[in-house]
Amino acid sequence: MLTRLTFRQLEYCVAAGEFGSIAEAANRIHVSPSSISSAITQVEAELKVPLFVRHHAQGLSVTPAGAEVLKEIRDLLDQAMALYDVAGSAQNAVRGPVRVGCLTTLAAMVAPELCQGFARAHPQARVTQIEDHQEGLINKLRTAQIDVAITYDLLVAESGISFEPLASLPPHVIVSELNPLANHRSTTLEELAQHPMVLLDMPLSRDYFLSLFREAGVSPLISARTASPDVVRSLVANDVGYSLVNVRPRNHHSLDGKKLVNLHLSGKHRPMKLGLAWASDQKPRHVVEAFMHRCRSFISNEYIPGMAAPGRTNRLVKGPAVEP
């Protein structure tokens, strides 16, 4: 019996194997690197087998024996979660772990209110929030690394993933207050194509934004690319170019304190559908169902945690508004 090991230590070892780095695993599951390192040391000492090869400044690689051990650990953790579900259902209680994945562009705004509110409402539940891009979330759902994801309807139809849309997020434009478009109420893709663009260069998101221009028969003048939503906002605020976005942060400033202005994008454009994704071949456990129910109650076209109300703008008034 592995009486000297805890499930938490086993979870930390699995995280290290999944992310290939102690630092990255610690960042993704929100614990200290020393906690991950200590868990690995204790598990290896208890099992008397090396799980990882440490590469100085280059992360970890899983040993052949470690790959087998980590597979068994995952199965063991899945069985442990099933115990919580059986016990919780018998008592009509919400308890046990729920691993929530969230798209990187949404994680800072949407997930904290949902996850922490759920944890406060159900003290016996243990919520872990994991951020990733869309392809990463889909892979984690397929391999049971997360239970449910708060994300968009990108690449889900052909992926063995069930998706339930909860809100629609049409694309809109952000510009610097110095940009000539800043005193417009709205603009078009045809007009934007004449100005430099800052592109959110993430898998699938990039393809979505570029497809809007293709459908309009124009090409964007891309002046900068970045995979960071915060960097996009800072570049735009410093007037490097405009950007297309779907999220509506309540804060109208970039991280360096400069003001951003939202513009309506005229025309009919496919919106992003924000909702819940889960593996089609896996029935959500009781605690996961309870979390999904909370999401259904808190996300709609009228309200999304962390976001400004639909239609709300912070357009500058510098004289008569111009309609493109």
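Note that the structure is predicted; figures quoted are calculated from it, not measured.
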So, do I304 and V247 sit near enough that their side-chain heavy atoms are less than 4.5 Å apart? no
Ion pair check, E131 and K140, cut-off under 4.0 Å: no
Taken in chain and number order and not counting sequence neighbours, the residues that satisfy side chain to side chain donor-acceptor pair (under 3.5 Å) with S34 are S32
Any sub-3.5 Å donor-acceptor pair from N139's side-chain atoms to E135's backbone N or O? no
Establish whether I36 and V53 are linked, either directly or via other cluster members, by ILVMFWY side-chain heavy-atom contacts under 4.5 Å. no
Before giving the answer on side chain to side chain contact (heavy atoms under 4.5 Å, CB included), spell out for Y242 and L263 the whole-Å C-alpha distance, their side-chain angles and the decisive distance to 0.1 Å. CA-CA 10 Å; Y242 71 90; L263 305 178; over 6 Å; no
Is L260 reachable from L255 through a run of hydrophobic residues whose side-chain heavy atoms are each under 4.5 Å from the next? no
Apply the test side chain to side chain contact (heavy atoms under 4.5 Å, CB included) to residues V127 and V98: give CA-CA distance (whole Å), side-chain angles for both, the deciding distance (0.1 Å), then the verdict. CA-CA 5 Å; V127 184; V98 53; 3.7 Å; yes
So, are K283 and E289 salt-bridged, with charged N and O less than 4.0 Å apart? no
D256: what forms a salt bridge (Lys or Arg N to Asp or Glu O under 4.0 Å) with it, not counting sequence neighbours? K258
So, does H122 use its side chain to make a donor-acceptor pair with the main chain of A125 at under 3.5 Å? no
Main-chain N/O of C102 paired with T151 side-chain donor or acceptor, under 3.5 Å: no
Interatomic distance, N179 atom CG to I174 atom CD1 [nearest 0.5 angstrom]: 11.0 Å
Any heavy-atom pair between the side chains of L244 and L189 that's under 4.5 Å? yes
Do you reckon V236 sits in the same ILVMFWY cluster as I222, going by side-chain contacts under 4.5 Å, direct or chained? yes
In Å, rounded to the nearest 0.5 Å, how long is the span from CG of N262 to CZ of R185? 15.0 Å
Is a side-chain N or O of T104 found less than 3.5 angstrom from the main chain of D132, in a donor-acceptor match? yes
Check: V49 and V69 side chains under 4.5 Å, non-hydrogen atoms: yes
Has D147 got a side-chain atom pairing as donor or acceptor with R99's backbone, closer than 3.5 angstrom? yes
Does H293, at its NE2 atom, have more than 12 non-hydrogen atoms belonging to other residues, nucleotides or ligands within less than 6.0 Å? no
Quick one: does L181's side chain get under 4.5 Å of E191's, heavy atoms only? yes
Check: R8 and R126 side chains under 4.5 Å, non-hydrogen atoms: yes
Over 60° means perpendicular and under 30° means parallel, so classify the ring planes of F291 and F118, tilted if in between. perpendicular
Would a single hydrophobic cluster contain both V31 and F7, if residues Ile, Leu, Val, Met, Phe, Trp and Tyr are joined by side-chain heavy-atom contacts under 4.5 Å? yes
State whether D153 and K273 are salt-bridged, where the test is any N-O pair (Lys NZ or Arg NE/NH1/NH2 against Asp/Glu carboxylate O) under 4.0 Å. no
Do E11 and Q9 have side-chain N/O donor and acceptor atoms under 3.5 Å apart? no
Treating N246 as the side-chain partner and L169 as the backbone partner, does any N or O pair qualify as donor plus acceptor under 3.5 Å? yes
Under the rule for side-chain contact (heavy atoms from CB on, under 4.5 Å), what residues qualify as partners of V240, not counting sequence neighbours? V198, S223, A224, L235
Return yes if some donor-acceptor pair links the side-chain N/O of S280 with the main-chain N/O of S162 below 3.5 Å, else return no. yes
Could you tell me whether the side chain of F52 reaches within less than 4.5 Å of the side chain of S61, counting heavy atoms only? no
Determine whether a donor-acceptor pair (N or O, by modelled atom type, separation under 3.5 Å) exists between the side chain of R250 and the backbone of M307. yes
For the atom pair CD1 (I73) and CG (L51), what is the distance rounded to the nearest 0.5 Å? 6.0 Å
Short side-chain to backbone donor-acceptor contact, Q134 and L204, under 3.5 Å: no
Would you call M272 and Y208 a side-chain contact if the rule is heavy atoms closer than 4.5 Å? yes
Under 4.5 Å between any side-chain heavy atoms of H195 and L221, yes or no? no
